[in-house]
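What follows is a short report on a single structure.
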Amino acid sequence: MSYLDQIDKTRVPKHIAVIMDGNGRWAKRQDLDRTFGHKEGISAVRRAIEGASRAEVRYLTLYTFSTENWKRPEEEVKALMSLMVQAVANETPELVKNNVRVKVIGDIERLPEDTRKALDYCLETTSVCTGTTVILALSYSSKWELTRAMKNIAVDIKSGKIESEEITEELIASYLETKGIPDPDILVRTGGELRISNFLLWQIAYSELFFSDELWPDFNEESLYKAIVDFQNRERRFGKTSEQISGKS
């Protein structure tokens, strides 16, 4: 039986975040250049989006390029940016066809101009779509996001726009890149690594964690459905007891 058939459609997670890890190792196992792994990774992105849409997941956030990734060899970064431009251009018509909206979070100003232009076109073209929202985390890290938020809050306090006593969790969240987007219900990481890698640290405070040994290029719709089924078999207590959750004394 497919994992899709095992999903309880009344309890589908609203938001799934994914750390897409393993492109380079996948290529190495095939005795190929790392760039080929990234190309295959784009196919996995397509499958993940199609799977999320079919499962009626409202938000899918993909950790596409971190601020730390800028430290990689220059040639690899250039290849990644070029792939991104091609992928966005090629995939935009299909995204519209599938009613998928695209948003971007991160330090976008660091991206090359042609990458930004391709993204702007995709964002504008898919803005009318009302199905799954795919959020690309590009030139993003949680520490960068939180530092930026704290600086902006400090500026607004100094200008008198807000008072320090008004600072709450809700106010801080309103200064984050993910403003208006529900926190992830589940964080999926592929590639067998067991770490968060500076991704959505504020937002995943109560997210369920799902680690997969699959390398990202091997990830498919069933991989996503498996994570959803696993999520649905967990008890989310948010600090409460099992009895409180079930309503039993």
- Task: Decide yes or no on salt bridge (Lys or Arg N to Asp or Glu O under 4.0 Å) for Asp8 and Arg11, but give the supporting numbers first.
- Result: CA-CA 6 Å; Asp8 180 351; Arg11 297 191 299 117; 3.2 Å; yes

- For Asp5, look at atom CG and say whether over 12 heavy atoms of other residues, nucleotides or ligands are found less than 6.0 Å away. yes

Validation: residues 96-110 side-chain donor-acceptor distances under 3.5 Å, sequence neighbours left out:
from, atom 1, to, atom 2, distance (Å)
Asn98, ND2, Glu94, O, 3.2
Asn99, OD1, Thr130, N, 2.8
Asn99, ND2, Thr130, OG1, 3.0

- Which class fits the ring pair Tyr140 and Trp144: parallel under 30°, tilted 30 to 60°, perpendicular over 60°? perpendicular

- For Tyr3, does the OH atom sit with more than 12 other heavy atoms under 6.0 Å from it, leaving out its own atoms? no

- Cut-off 3.5 Å, side chains only: do Glu177 and Gln203 have a donor facing an acceptor? no

- Message: Can you confirm whether more than 12 heavy atoms, excluding those of Glu68, are under 6.0 Å from its CD atom?
- Response: yes

- Is the backbone N or O of Tyr121 less than 3.5 Å from a side-chain atom of Thr125, with the two atoms forming a donor-acceptor pair by type? yes

- Message: Can you give me the closest heavy-atom contact between Cys122 and Val88, atom names plus distance?
- Response: CB-CG1, 3.5 Å

- Task: Could you label the plane-to-plane angle of the Phe199 and Tyr63 rings as parallel, tilted or perpendicular, counting under 30° as parallel and over 60° as perpendicular?
- Result: parallel

- Task: Name all residues meeting the salt bridge (Lys or Arg N to Asp or Glu O under 4.0 Å) criterion together with Glu76; count only those two or more places apart in sequence or in a different chain, and write none if there are none.
- Result: Arg34, Arg72

- Hey, are Lys14 and Asp185 close enough for a salt bridge, meaning a charged N less than 4.0 Å from a carboxylate O? no

- Task: Using the ring pair (Phe, Tyr, Trp, His ring centres under 6.0 Å) rule, collect all pairs that involve residues 65-94, keeping only residues at least two apart or in two chains.
- Result: Phe65-Trp70

- Query: Between the side chain of Arg25 and the main-chain N/O of Gly191, is any donor-acceptor distance below 3.5 Å?
  - Reply: yes

